[in-house]
Amino acid sequence: MTDHRTRDVNAIDDRVFPRGARRGSECGVLKIGGVRATELVEQFGSPLYVVDEDATRATAREIRDALRGEAQRVGTDATVYYASKAFLSVQTAQWMAEEGLAIDVASGGELMVALAAGVDPAKIGFHGNNKSESEIARAVEAGVGTIIIDSEIEVARIAAATAAAGKRQRVRLRVNSGVHASTHDYLATAHEDQKFGMPLTDAPALVREIVSHEGLDFVGLHCHIGSQIFATEGFRESARRLLGVYVELAEIAGRQIPELNLGGGFGIAYTPEQAAEAPNVADIARQLADIVAEASTEAGIAIPHLAFEPGRAVVGQSGVTLYTVGTTKRVDLTGTGEAAPVDRGYTERLYISVDGGMSDNARPALYGSDYHVRIANRQSEAAPALVRVVGKHCESGDIVVYRDELPADVQPGDTLAVAVTGAYCWSLSSNYNFVPRPAVVAVRGGEGRVIVRGQTEADLLAQSIVA
Ligand code: LLP
């Protein structure tokens, strides 16, 4: 039996916690953005989403600089859109715009927030496989930079909106490259049998139709192969297939196709164990630029202007969720079966119930994702225990951290910090069991401030019509 026990169960690993997060010198309280986790919970409540503003901004800049710098190295340039579905609030959109990122929105609601944030409409890309006519009209009227066409029906819809508004609209066509990204099935988006985009083989006919409309300015193809991708091979194949049709599309359009959007999907580490395999942005950027340069040479065309749409990689690691422990219980793993189940050498698992769960983090239940947890209000010399952090909802799949290790003296009232919850946690949150959504607090320079108000039970009750 292999013993995989972790030795330092107090360590704050900077590969998963926000940069600069560390334990303070007295009592070892976790500080994020210079603010003690204990103060955050006292001031703003628990559970609480905490976003480190400087870390978010720095990551956004690094990703933008890496992708643009590498694109420039091969003789082109790149636009980096922040995929706002990962986490969107008015202030986050402002941070992204200030750091020089464009914004990708995927619904009228996301568009509304980006516009309310004062984002330059020309720097917004509008996605969606079922944009309503009114959403399209709003986007065209607002002057969004690009609308991504996802189906044939949309060509006429967008053309009608441009005619009504008396405007010309830049559009991209989303295609399926047929590449199977190696990720969870629900996160893979460019194989043929799913709802997004059009088959690449249909691109010539669709582009012919697009360019027949005065109001539509076709700028290039778009392909997002999926999310949480660790290897660049899928991007290579996808770029090669897309650029392979650019000569034909240029003939149809009567001019060069200026852009290529390769989507987002850059994977990140959720646990220290994943950190060794997770790609770093500089490497991805270098490889992507080389891939596009090679594929353009192969296709016999000039390298187009590139666009990317990372979401998770921009905000994932800058977010932490703080919870309060309510109950704990020990489960003997050896059971009565013939082969005694053991986990990392442990024969007992400590279940720790916290005051949130699948309503504030649906990802373990949806994708089987695992997370990393530490006690935030203190450190402890107690021996390590194998733990599973679970929520307060009425489902056994209500798991926040499937497997980790914590000091065995973890107890009711302790604050837990779960790392890498900056992406797709608040945005996928629900009110299951009438649990109100937690607030989002941004920390910076030793201070915390609410950027998204938390809900109260009264907010939830107010939605019910009382006869
Ligand atoms: N561009 C397009 C067209 C997308 O559909 C997505 C994600 C992105 C960019 C950004 O992907 P990212 O860089 O964040 O991986 N709820 C799932 C992820 C769904 C992603 C949907 N589209 C999760 O929690 O893992």
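Computation of the quantities below employed the complete heavy-atom set of this structure, encompassing side-chain atoms and omitting hydrogens, waters and symmetry-equivalent molecules. Note that the structure is a prediction, hence the values are computed from the model and not measured. All ligand and atom numbering here is 1-based and tracks the order in the structure. For this chain, numbers begin at 1 and follow the sequence in order.
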Check: Taking distance alone, with no angle check, do G265 and ligand 1 share an N/O pair under 3.5 Å?
Finding: yes

Next item on the list: Would you mind listing which atoms of ligand 1 come within a distance below 4.0 Å of any non-hydrogen atom of S227?
Entry: 7 (C), 11 (O), 12 (P), 15 (O), 20 (C)

Check: So which bit of F196 gets within less than 4.0 Å of ligand 1, heavy atoms only: side chain, backbone, both or neither?
Finding: neither

Check: Cut-off 3.5 Å, side chains only: do H305 and T79 have a donor facing an acceptor?
Finding: yes

Item checked: Where ligand 1 meets R363 - atom numbers and elements under 4.0 angstrom, heavy-atom basis -> 23 (C), 24 (O), 25 (O)

Margin query: List ligand 1 atoms under 4.0 Å from G311, heavy atoms only on the residue side.
Written below: 12 (P), 13 (O), 14 (O)

Note to self: Is the terminal nitrogen or CZ of R363 (NZ for Lys, CZ for Arg) located under 6.0 angstrom from the six-membered ring centre of Y371 and within 45° of that ring's axis?
What the structure shows: no

Next item on the list: Measure the acute angle between the ring planes of F308 and F266, then classify it against the limits of 30° and 60° as parallel, tilted or perpendicular.
Entry: tilted

Check: Of the backbone atoms (N, CA, C, O) and the side-chain heavy atoms from C-beta on, which set of L366 has a member under 4.0 Å from an atom of ligand 1: side chain, backbone, both, or neither?
Finding: neither

Item checked: Numbered atoms of ligand 1 (with element) below 4.0 Å of L428, judged on heavy atoms -> 16 (N), 24 (O)

Next item on the list: Run the numbers for me: atoms of ligand 1, each under 4.0 Å from some heavy atom of R312, listed by number.
Entry: 12 (P), 13 (O), 14 (O), 15 (O), 18 (C), 23 (C), 25 (O)

Notebook entry, point to check: Any luck finding a side-chain donor-acceptor pair between T232 and Q287 under 3.5 Å?
Noted result: yes

Margin query: Quick check on contacts: which atoms of ligand 1 are under 4.0 angstrom from a heavy atom of D104?
Written below: 1 (N), 9 (C)

Margin query: Would R174 count as being in polar contact with ligand 1, using the rule that some N or O on each side must be under 3.5 angstrom apart?
Written below: no

Next item on the list: Please check if any side-chain donor atom of H222 sits under 3.5 Å from a side-chain acceptor atom of E309, or the reverse.
Entry: yes

Note to self: For A365 versus M358, what's the shortest heavy-atom pair and its separation?
What the structure shows: CB-CE, 4.1 Å

Next item on the list: Please check if any side-chain donor atom of S46 sits under 3.5 Å from a side-chain acceptor atom of D355, or the reverse.
Entry: yes

Notebook entry, point to check: Is there a nitrogen or oxygen of H222 sitting under 3.5 Å from a nitrogen or oxygen of ligand 1?
Noted result: no

Checklist line | Gap separating the CZ atom of F17 from the CD1 atom of I12, nearest 0.5 angstrom | finding: 4.5 Å

Margin query: Heavy-atom contact check, 4.0 Å cutoff: does P310 meet ligand 1?
Written below: yes

Margin query: Which of the numbered atoms in ligand 1 are under 4.0 angstrom from any heavy atom belonging to E309?
Written below: 1 (N), 2 (C), 3 (C), 8 (C), 9 (C), 10 (C), 13 (O)

Next item on the list: Considering the heavy atoms of A83, write down every atom of ligand 1 situated less than 4.0 Å from one of them.
Entry: 8 (C), 9 (C), 10 (C)

Item checked: Sub-3.5 Å N/O-N/O distance, H127 and ligand 1 -> no

Checklist line | Cationic N near anionic O, under 4.0 Å, E70 to R286 | finding: no

Item checked: Any donor-acceptor pair under 3.5 Å from R312 side chain to S227 backbone -> no

